[in-house]
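Below: one structure, written as structure tokens.
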Amino acid sequence: MKFIKNIFATVLLCCLCGGAFAQEQEQEQYQDYFKVTAKADTTRIRIGEPVKVNLTAKVMLYALKGANIKVIFPNIPDSANHIEIVERSQLDTTGTDENQKIWRQAVTFTSFDSGRWELPPMKFEVYSVTDGSYDSVFTDPIFIDVSTVAVDTTKAFKPIKPLRVVKFNWLDYWFYFLGGFLLITLIVLYFTMWRNRKKAPKPIAVVPAKPPFELALEALAKLEKEQPWQTDVKGYYTELTGVLRTYFEQQFNIPALEQTTAELMNDIKPVTILNQQRNEIYSILSLADLAKFAKLQPTPQEHEDTLRKAVAVVEWTRASAMPKTELPVNGTNQ
Amino acid sequence: MENTSNDIRQINEKIHQASSFVDLLNMEINKVIVGQKYMVERLMIGLLAQGHVLLEGVPGLAKTLSIKSLSSAIDARFSRIQFTPDLLPADVVGTMIYNQQRNEFMVRKGPIFANFILADEINRAPAKVQSALLEAMQEKQVTIGDTTFKLEEPFLVLATQNPIEQEGTYTLPEAQVDRFMLKVVIGYPTKEEERHIIRQNLAPEGQAKISPVVRPEEILAARKLVRQVYMDEKIEQYILDVVFATRNPEDYKLAKLKPLIAYGGSPRASINLALASKAYAFMKRRGYVIPEDVRSVCFDVMRHRVGLTYEAEAENVTSENILSEILNAVEVP
């Protein structure tokens, strides 16, 4: 009986102890639901070298029982205690799963003063949006030893090194060469196009079906037949000079239709065959001008004489109108 | 009324006699003016056709001397107005001044009351002075206070512009430039002419004196005759073609000129081209106009009446280039 009692007492004690242990373990677990760490990649640097500190905050979700929480990272000043922040990364939440939520941030520090400097404990806060509860945890302090560049004071001072000339390498400038080449190409293209645009299109020479002298002689023959001076003297002289001017234009490339008598007389000077007839031509044109612009009434004899002179001029210059193939060429007939 | 061939013959004879003074005038002016025949001829055209002349040329080309000699040879009054930025309209046309003795305002006539006016460097004065002069040129009368005064005939204004210095100038607006019948661009004399000028200016006996050889009444009579010079309808058509080609070049197979012309010649251009052609024919002692007359005066009548676009200016195309193209394309009657 006593033995049974002892067993019962032992079992009861074990149960009580087990329960208390489980409760304690559970409490411990609840207390560790929010963990923060700050780990530096190095604690010894030379002046100006970076120290990357990884800040991590981990929340165990089972302890929250569905509560909505927010984690507030420490507000580190840009510069404090001889330590300066160089860069802060964005918050990273990779590693989060259904059991835990993790936030990570990398902060790069540096220092420009030699010595041992403390990065003080950083305060992380967790805030429950659901019930308004609030908790905070601190990281451990980090000590960073910043050393200067070691100088061998036993040696003499050395002068500043001279400038070192970098060897020229075409490949370093390929972009500029390419740009220059393209620019020159564009300029050349532009000017070529501009010049082409400025050039007046060459007038296409209209080759009459018949030689100009033949057309002129036909027109003069028609005038002789119709005798328009009987009714319209001005019209007759306009027609007559028109035939001659058209002939000069087509046959000798003199823009006679757009020229006055004086200009035309000047332009026929270089054309020998025409220049030989200059007196005849001048008398025709000047009489025609008087009839056209000064209401002169030439005599019937003058009408016919003028027409005859015009025919003679065309006949005289006919030789120049013959196709070149018909002209004897030196050496071919020998 | 239509002219018959007999009428034209009579006009021709009349003009042959009446225009003899042109040679006299030329001879007298040539006593002091060496070279610059072109300018003197244009001055005469302006004088005979009742048109004013705008001269463009660098200083020292005998512009003042030419018009002074012309006025001396015609026995007419000459005055010169140097246009400056502070010139006032009253300095040109005249003003009312208070007479303390008489206790009243009196008219003091300005230098515009002369037969020949040299408006030197017209573009140096502000617009209000330019317009006062140009209004007087157009209306041939001036109003001072409540009184309007007719300007004495012959009345010829010769305005000058310096083509080089454009800074601080007031460019004449197109509407006002149009009031000048001729815009003459004059150049330097030849080497031989300049040698002659030096000798003439350094001669111990001094410069020759101009004597009056023509009376103003003769000029007024000649002006009437100029208007009687016969102009055939073919010549009228030619003038119209030239002026219209400046407005619608595409109608004359000159479409390439269209983007270069901002505006073409006005109807005043046609009138002045016809009048100047008649005056030129008169000077050549002819009673009728021939196409040569039109072409001779065309550049001077038209060059300031053809507006250029920015494109033309960018391509260094001048109004002379455009007119040359037009004259080479429009068929001569």
Side-chain angles (χ1 to χ4, degrees), chain A residues 190-191 193-204 206 229 232-250 253-268 282 284-299 302-303, chain B residues 2-13 15 229-239 241-242 245 252-257 259-260 277-278 280-281 284 286-298 311-312 314-317 321 324-333:
Chain A
Y190 173 77
F191 278 105
M193 286 168 73
W194 182 66
R195 263 185 60 189
N196 288 343
R197 194 171 62 111
K198 278 194 85 176
K199 275 182 195 167
K202 286 184 180 171
I204 301 156
V206 180
W229 60 78
D232 179 12
V233 174
K234 205 159 117 179
Y236 161 64
Y237 281 97
T238 306
E239 187 78 16
L240 180 68
T241 51
V243 169
L244 274 183
R245 284 170 194 268
T246 309
Y247 170 63
F248 294 156
E249 191 153 322
Q250 289 176 350
N253 288 327
I254 299 170
L257 284 167
E258 292 82 26
Q259 286 181 331
T260 61
T261 302
E263 288 166 343
L264 181 56
M265 293 313 294
N266 201 41
D267 268 19
I268 64 171
Y282 183 70
I284 296 168
L285 294 178
S286 53
L287 183 69
D289 278 353
L290 286 171
K292 285 193 286 182
F293 310 125
K295 289 207 168 178
L296 177 83
Q297 293 287 342
T299 59
E302 281 177 313
H303 299 321
Chain B
E2 194 162 304
N3 287 10
T4 63
S5 57
N6 280 338
D7 293 337
I8 294 164
R9 194 169 295 137
Q10 279 177 3
I11 294 167
N12 215 22
E13 280 165 14
I15 285 171
V229 169
Y230 174 67
M231 180 178 277
D232 195 80
E233 56 187 19
K234 280 176 181 291
I235 302 286
E236 285 173 354
Q237 188 57 47
Y238 183 52
I239 288 172
D241 283 340
V242 170
Y252 296 85
K253 296 176 188 169
L254 290 167
K256 63 177 178 180
L257 295 184
L260 305 176
S277 305
K278 282 188 171 194
Y280 189 81
K284 297 289 169 194
R286 261 189 280 107
Y288 53 92
V289 180
I290 56 173
E292 271 93 343
D293 302 328
V294 180
R295 289 183 85 126
S296 297
V297 295
C298 184
E311 194 179 339
E315 292 188 14
N316 282 333
V317 175
N321 298 141
S324 290
E325 292 261 358
I326 288 172
L327 288 178
N328 289 336
V330 174
E331 216 165 277
V332 173

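Quick caveat: nothing in here was measured; it's all calculated off a predicted structure. Letters go in sequence order (proteins before strands), and every chain restarts at 1.
For the set B:G287, B:P333, B:A329, the count of heavy-atom pairs under 4.5 angstrom toward chain A peaks at B:P333.
Every residue two or more places apart in sequence or in another chain was checked for a side-chain hydrogen bond (donor to acceptor under 3.5 Å, both in side chains) with B:N328, and none qualifies. Shown here are the side-chain hydrogen bond (donor to acceptor under 3.5 Å, both in side chains) partners of B:D232, two or more places apart in sequence or in another chain: A:K234, B:Y230.
Proximity of a side-chain donor or acceptor of B:E292 to a complementary backbone N or O of A:A262 within less than 3.5 Å is detected.
Within 6.0 Å of atom OH in A:Y282, 12 or fewer heavy atoms from other residues, nucleotides or ligands are found, so the atom counts as exposed in its surroundings.
Annotation for A:E263 and B:R295: closest pair OE2-NE, 3.1 Å, computed over non-hydrogen atoms. The two atoms that bring B:E331 and A:L257 nearest to each other are CG-O, 3.3 Å, heavy atoms only.
Note that OH of B:Y288 and CG of A:L296 are 8.0 Å apart. Values are rounded to the nearest 0.5 Å.
Between A:F293 and B:I235 there is a side-chain heavy-atom pair separated by less than 4.5 Å.
Of the atoms belonging to A:T261, heavy atoms from both backbone and side chain fall under 4.5 Å from chain B.
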